[in-house]
Amino acid sequence: MASELEPEVQAIDRSLLECSAEEIAGKWLQATDLTRELYQHLAHYVPKIYCRGPNPFPQKEDMLAQHVLLGPMEWYLCGEDPAFGFPKLEQANKPSHLCGRVFKVGEPTYSCRDCAVDPTCVLCMECFLGSIHRDHRYRMTTSGGGGFCDCGDTEAWKEGPYCQKHELNTSEIEEEEDPLVHLSEDVIARTYNIFAIMFRYAVEILIWEKESELPEDLEMVEKSDTYYCMLFNDEVHTYEQVIYTLQKAVNCTQKEAIGFATTVDRDGRRSVRYGDFQYCEQAKSVIVRNTSRQTKPLKVQVMHSSIVAHQNFGLKLLSWLGSIIGYSDGLRRILCQVGLQEGPDGENSSLVDRLMLSDSKLWKGARSVYHQLFMSSLLMDLKYKKLFAVRFAKNYERLQSDYVTDDHDREFSVADLSVQIFTVPSLARMLITEENLMSIIIKTFMDHLRHRDAQGRFQFERYTALQAFKFRRVQSLILDLKYVLISKPTEWSDELRQKFLEGFDAFLELLKCMQGMDPITRQVGQHIEMEPEWEAAFTLQMKLTHVISMMQDWCASDEKVLIEAYKKCLAVLMQCHGGYTDGEQPITLSICGHSVETIRYCVSQEKVSIHLPVSRLLAGLHVLLSKSEVAYKFPELLPLSELSPPMLIEHPLRCLVLCAQVHAGMWRRNGFSLVNQIYYYHNVKCRREMFDKDVVMLQTGVSMMDPNHFLMIMLSRFELYQIFSTPDYGKRFSSEITHKDVVQQNNTLIEEMLYLIIMLVGERFSPGVGQVNATDEIKREIIHQLSIKPMAHSELVKSLPEDENKETGMESVIEAVAHFKKPGLTGRGMYELKPECAKEFNLYFYHFSRAEQSKAEEAQRKLKRQNREDTALPPPVLPPFCPLFASLVNILQSDVMLCIMGTILQWAVEHNGYAWSESMLQRVLHLIGMALQEEKQHLENVTEEHVVTFTFTQKISKPGEAPKNSPSILAMLETLQNAPYLEVHKDMIRWILKTFNAVKKMRESSPTSPVAETEGTIMEETSRDKDKAERKRKAEIARLRREKIMAQMSEMQRHFIDENKELFQQTLELDASTSAVLDNSPVASDMTLTALGPAQTQVPEQRQFVTCILCQEEQEVKVESRAMVLAAFVQRSTVLSKNRSKFIQDPEKYDPLFMHPDLSCGTHTSSCGHIMHAHCWQRYFDSVQAKEQRRQQRLRLHTSYDVENGEFLCPLCECLSNTVIPLLLPPRNIFNKLNFSDQPNLTQWIRTISQQIKALQFLRKEESTPNNASTKNSENVDELQLPEGFRPDFRPKNPYSESIKEMLTTFGTATYKVGLKVHPNEEDPRVPIMCWGSCAYTIQSIERILSDEDKPLFGPLPCRLDDCLRSLTRFAAAHWTVASVSVVQGHFCKLFASLVPNDSHEELPCILDIDMFHLLVALVLAFPALQCQDFSGISLGTGDLHIFHLVTMAHIIQILLTSCTEENGMDQENPTCEEESAVLALYKTLHRYTGSALKEIPSGWHLWRSVRAGIMPFLKCSALFFHYLNGVPSPPDIQVPGTSHFEHLCNYLSLPNNLICLFQENSEIMNSLIESWCRNSEVKRYLEGERDAIRYPRESNKLINLPEDYSSLINQASNFSCPKSGGDKSRAPTLCLVCGSLLCSQSYCCQTELEGEDVGACTAHTYSCGSGVGIFLRVRECQVLFLAGKTKGCFYSPPYLDDYGETDQGLRRGNPLHLCKERFKKIQKLWHQHSVTEEIGHAQEANQTLVGIDWQHL
Ligand SMILES: [Zn+2]
Ligand SMILES: [Zn+2]
Ligand SMILES: [Zn+2]
Ligand SMILES: [Zn+2]
Ligand SMILES: [Zn+2]
Ligand SMILES: [Zn+2]
Ligand SMILES: [Zn+2]
């Protein structure tokens, strides 16, 4: 084939093939100038092998290159045949103890949370499974490509660095041995030669930039005019743009264009045209012109083919080098040596340097090839890794600048190798000390951020898109800094100290540029016009958060460094603020005889900034100092004397005041940007280095100040000084002059200020501030989160700050504070707070948002009420402060504080209007409570020689000093205790008074026996207790009443539909508990019930009344009344399919009369069971249609249902429906009124029917012969001699009302339309067949569900299923009345002929190819059309019975023919029971009829067993069918679960228990029938093994088996490549859960055309595998995908859970995931129940965004 297309290429091939590698290598060995020799060889051959035409032929090129180019090199290198040489090298090699496996895109990687030094340390799956970490807490992620396995790297793991496989080689790694000693001198020399020349060649050709000229020594003698138009990748243009442009420029089809675009995206370049220069140049100009309009044009080059050829070989060469060094560590070392050897041009001239420095100029494909080579060589050799790291650091600035200006993603840049180098602790340390890496990184970063304001601070205010782009790229430098700092030094050398502090200086410079950036001023009057940019500054802050924390950690590990850093930081802070005044006016404040100097500054009027990283860093360092030993022993050595507390607190205080003012609504006009900033300031992502540190800074400052002074400054900054310094100020509120808004603002500010004081005294859970450790801190966070509500693991993780290792430290403490509650079938596992932890709850926990605070308050009060405790939420007992912060508690008893408390209590006592608020009071009460707790603790811990200086109780007992003559705080509290308007706070006030008394008692009694509180108080308390008990009782009664009323109200409010929806969803689960009871009121307990035949149990007819859900009118179901209908949903189904490759080819010609036993495509009907009048439904549907049309015109939105296809939602339960089923009485009873006696037996009946059929066929033939004269016709009829009583001209009267007839047609047509996927046509003869088929298929699918779940056949069925089956069966039975009698008769004849052959039907399927239940249903339901013309006295019931017996016998034959006969004939002649001998006899008959083709005779026991098992599903289906058809109640025995109901079923179905008796009773006719069945050629073919057949019982289809561990799925998917784009990894591998196919979803490459539209691989697959419905698992997202048709879909929760009982959709958290069998079963159940489409409908109704997704492209 190829020879015809390219004869020229073929010809050259031959000349190339004559080359001998050995000869060439021999020539080279003799050469004096090897370089020249090699270059000549390459110059000659490379262009002959590569790039010979428009399209590459990779296999052929590779083959030739190996033969002509690489082969000789291998010979040369080995000095012998490489087939012997390389194995020798490999043997001599000491294999590496490093794994170094380079990850593919999507491959799973594992990191151990316990042992990994940092989160970038990962293992490949194989190493992980062989390591100790598989039993640790690990995290799993999918690789983005690049990076390698760290197994064997001792620096990467705290423990277990080797897996089992790599451990074997660790014995000698201690002494570092030169790997070259294992190689001979000769090999070393030759390797060196060949590596040096070839590596240089590859580098030179890859970085070659000329387009039509080769390097001199490679230039050819004669050059052809063959060029390529080469298109390069960029990240600017979209796929669509490129495809469109290419179609225009090079005249290709869309498919080709897609191919080009895909390759360009993957490899970074692709030639799009081949030809002479002119021809290529032309294409280039079109492309450039077409893409230059909006953005920069696509990069295109016209390159000479020989250059491209050499470059392609260059890449091949690099991969070759990578594989050669795999043979031996020695070869690898030589390559490293060659690569890093300095070239003739000095600095930066080594090959490695040259490649790195050209990185940004190379295309993607070239980059990834050489990056991989670096990883497998330089990074795998411990010695050269160090040298390479130095080269990398020296070039760092250049590489980063290149990267910032380049537009490729980071993963394609050599800069990305930083993670491999910097995260190695020893390398990082070495680079810091020797190359000053920290400073270099920070300075490079600063160099790229040049926008500064007048003060030199960063300015992001109006930066451009380009700057934003650059800013994003620069952020990777921060990541590098993080890598460098990620492992803290365990030992410090002087050099390290010096260089670290140098880096710290640079870092401070960076923070200095951030201190005070983006300042804001309060907007008054008008709203701001443009929201200022704020995100960039916060992004920077967020990215730096971990770096700042790590800097502090480093400082903390060495005291000298800490003190130096502290000094440096302080100095920079001073520079930033030049003292603290910034030129503001000094003023003096005084309250209660205290006065302080400060400045006049109003947050609400002047500039203020939220960014204060320098002061926050200082706060962090201060805490570290406080924790250090020096602080306890020699505090005088700390550099604290230089601190000016007012300066320290000034800016953090301003920032906190800003937040308070924003809360008070004073900054509304500044818009959302400010609101967002305040949000992030407190958010868990930022707060650790923002809000938290501001609080610490205030604590630091205040601990060094007179608390009175601080409080006055604080009042002043909150702009509340006036209020508290003027005694009568409170009264002024009541006058109407004051603006109400201002008063409310002030109230909020007072509340916020009190909150801040609570924080300053109460927040002591940071180690260093209080005497606590990190565990206490995290415990407290968790307690407070869980105080709000129980939480799932992931929720909790999200609410806690993560460190740089993404750890919250939660696991270590969670058990101590919470109980875990496992998840059920839905939902997640939850943590609940242990009750004993409730006492540690602090209502004013500083990380609560306001919403969380009020939720927590409510929850905690509720809990207390439930425990019948009082509802006071007193402050918890706190740990003591560290010495440096110890004086903070004095704020509580300072004069100004007491004054503030007194004033507010006074307001509360006066209770005048809106001058005060309850929250204010609540906070004061909390503060008083804190002070009492504090004093109590002081008293408890007091030692003999110390005097307790904390005397709060004394102070509040004294009458107040200000306002003058006011009562004491204590007195006011006692007054408030009885205030009627403070009901809520009474418990708290009571708690305060009680605690006060207790503390007083302690103080009065001797300090050595402080616990004397109880006895004294009892007397006092009794009267109070009584009062309290009474009050409590009343409150309890009131509460109960309230709750009752509330419950009633909400009951009423609850939406009716919602309520019902739940109900119906429950009934979906076939659970006994939720289902309704069948109307199977036993007629008589001891009577045998019979479902069919002349002996059918007669049931007195029950009148049935139903209510229309739309008009609420009640109506009786009668033959002649208006139709009542049930909403129904008809869909095609392959759920039962045994052959998924089969589908209907041409629906217009397809004949569905016989269902094949593989059930490859059926029609399923379901219903929610809701009943409406037919006319009510029609009106409803019309209105839905009209509404939808209007909506589509207006919004162009789609709903979850497709109105044009007749879809609608059930008006009551919103269940997806597409038609309605009429509600009918048992139709058999209408026709079967006569009482017959003397009925024919089976043989007689078959004869009669055969005669009738013959007559009909004769008449039919007559009719279809148009030219016959009528006279002749009638003569012939006479001739025929009609069977007795048969009147073929008789047309029965249709008993149904018009409206019911209409509905019969409607549903029939719908079933036909959906089942065959054709246009509706009510006249089509296939309509009745489809109706019978749907009835049979639906019954079969329900029987399967019941069997699979071991549910009894007639157990309590959910009423919707019961209603659906009853209506569907009766409908199918009544449908013939609206169809043409002769058509139905025709169907009957043909169906009948498949069992009782006659002459007129030739091509009927053999009995192996008929599903007997479908046949039974169709025969029984078509029979009335024949029987209605029979007046001979044969009843319908007799016919039913005979048909049933006949089909049953045919089925038994089917089973016997296909039964497995692997059983040996141990007891074949020795049958033990009647059934066994009977079946054995029958089998022998069969054996005879099949001409002994049937396999040898197995045992009777075995045969009988297979018959019984094989026929059970058929019997069960038949029982269901006749039950619904005839309305005979089911026998009670079948209603309960049990092993087998074989005998009961037989009785119910009028069958002998020994089924074989049927044959014996009717042997006369059966023998001839069996013979005719066996004679069929298909049966013969089957028996001779030429074809296959379905065996019985058919096994239920299951969803595929999923592995227990999710990572093995990921691994499987990562090995999966797109089937269409040649070995490319698929981006969205998706697993069909039905058949197990892996698909390449959501990608251009695998789109196919379906019904004229492009659809993705999943949608296409649903059409073949699930007839439109699909269940998939998106492996990389861990998400279940449901699809239905082209437009509908939804995501469903996956069956994989982590240890915390949560799913991880999107695989974001990376916790190990395991299969949850119950959840998977639930998905399978949805599938079996045909509820997938409905589930999608519900999901889409609930979440409108799902409607907008382009499902068809998945
Ligand atoms: Zn590995
Ligand atoms: Zn390993
Ligand atoms: Zn581990
Ligand atoms: Zn109605
Ligand atoms: Zn409904
Ligand atoms: Zn499939
Ligand atoms: Zn694909």
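One-based numbering, in listed order, for ligands and for the atoms of each. Hydrogens, waters and symmetry mates are skipped; everything else that's a heavy atom, side chains included, is used.
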Any N/O/S atom of [X] sitting less than 2.8 Å from the Zn ion (ligand 1), backbone or side chain?
X: C99; value: yes
X: C124; value: yes
X: C163; value: no

key: Ring-ring centroid check Y483 F422, cutoff 6.0 Å   = no
inquiry  = Contact between F1129 and C1215 at the side-chain level, heavy atoms closer than 4.5 Å - yes or no?
reply    = no
request  = Give a rough value, rounded to 10 degrees, for the angle at the Zn ion (ligand 4) between atoms SG of C1111 and ND1 of H1173.
outcome  = 100°
Between the main-chain N or O of [Y] and the side-chain N or O of [X], is there a donor-acceptor pair closer than 3.5 Å?
X: R134; Y: L129; result: yes
X: R1370; Y: L1224; result: yes
X: E1207; Y: E1204; result: no

ask   = So does C1108 have any N/O/S atom less than 2.8 Å away from the Zn ion (ligand 4)?
value = yes
key: Among V117, D114, L123, the one residue meeting side-chain contact (heavy atoms from CB on, under 4.5 Å) with W157   = L123
Closest H166 atom to the Zn ion (ligand 2) [N, O or S only] = ND1
note = Here the vertex angle at the Zn ion (ligand 1) for SG of C127 and SG of C149, given to 10°, is 110°
